[in-house]
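Heads up, the thing below is written out as structure tokens.
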Amino acid sequence: MGGWPTVKYFNKETGLDGGTYVKKTDGAMCDELGDNEMMTAYVEEYGQTSLCSVKDGAGCSTKEKGYIEKMSSKPVEDLQKNLTRLENMDPKAMKAELGDWLIKRKKILKALVAEGSDEL
């Protein structure tokens, strides 16, 4: 473990050992995770979940709602192609903002693909 404070998260992948949160900014840990947007992004990223519902737009930002509207009219095959393309991109190789948007788009596409597959 690094310095103090160390924020750890636990999920099926990390098991009881947990994983260590990696800071996204140069600011103090308490400032970074004290910001609601940053904390929400942390929970979504490390919990591998999303607060944004593709069914009714609940919990989605304006940008996410626009993306859902744009992509929901496409066939499942196109959604899957887009998802495959995005999954080949590394969010850590981008600026934090773009990496976060990449992760959100992947979650939206996964939900739309699942929803579209259910309808078949």
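Put simply, the side chain of Lys104 reaches to within 4.5 Å of the side chain of Trp101, judged on heavy atoms. Within the 4.5 Å cutoff, no side-chain heavy atoms of Val113 are placed close to those of Lys110. Here the side chains of Ser72 and Leu112 are in contact, with some heavy-atom distance below 4.5 Å.
Distance alone, capped at 3.5 Å, places no donor-acceptor pair between the Lys70 side chain and the Lys74 backbone. Under the 3.5 Å distance criterion, the side-chain polar atoms of Asn82 are matched with a main-chain donor or acceptor of Asp78. Judged by distance alone, the side chain of Thr14 and the main-chain N or O of Asp17 form no donor-acceptor pair under 3.5 Å. For the pair Glu32 (side chain) and Thr25 (backbone), a donor-acceptor distance under 3.5 Å is present.
Taken together through direct or relayed side-chain contacts under 4.5 Å among Ile, Leu, Val, Met, Phe, Trp and Tyr, Val7 and Phe10 form parts of separate hydrophobic clusters. Ile103 and Leu79 fall into different hydrophobic clusters, defined by Ile, Leu, Val, Met, Phe, Trp and Tyr side-chain heavy atoms under 4.5 Å apart, directly or through other members.
Counted within 6.0 Å of NZ on Lys81, heavy atoms from surrounding residues, nucleotides or ligands total 12 or fewer; the atom is thus considered open. A 6.0 Å sphere centred on CG of Asp90 holds more than 12 heavy atoms belonging to other residues, nucleotides or ligands.
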Using side-chain contact (heavy atoms from CB on, under 4.5 Å), reason through Leu109 and Tyr67 one step at a time and then give a plain yes or no.
CA-CA 9 Å; Leu109 287 173; Tyr67 189 69; 3.5 Å; yes
Side chain to side chain donor-acceptor pair (under 3.5 Å) evaluation trace for Glu87 with Thr84
CA-CA 5 Å; Glu87 285 180 335; Thr84 301; 5.1 Å; no
Between Leu51 and Cys60, is a side-chain contact (heavy atoms from CB on, under 4.5 Å) present by the stated rule, with each step listed?
CA-CA 7 Å; Leu51 300 177; Cys60 302; over 6 Å; no
Report the C-alpha separation of Lys106 and Met89 in whole Å, then their side-chain angles, then the decisive distance to 0.1 Å, and conclude whether the side-chain contact (heavy atoms from CB on, under 4.5 Å) test is met.
CA-CA 10 Å; Lys106 288 195 288 190; Met89 300 170 84; over 6 Å; no
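A distance of 11.5 Å separates CD1 of Ile108 from CG of Leu83, quoted to the nearest 0.5 Å. Between the CG atom of Leu98 and the CZ atom of Arg105 there is a distance of 8.5 Å, given to the nearest 0.5 Å. Within the model, atoms CG of Leu33 and NZ of Lys24 stand 10.0 Å from one another, a figure rounded to the nearest 0.5 Å.
Ring geometry, Tyr9 versus Tyr42: the interplanar angle exceeds 60°, so the pair is classed perpendicular (tilted spans 30 to 60°).
Cys52 and Ile68 get closest at one heavy-atom pair: SG-CD1, 3.7 Å.
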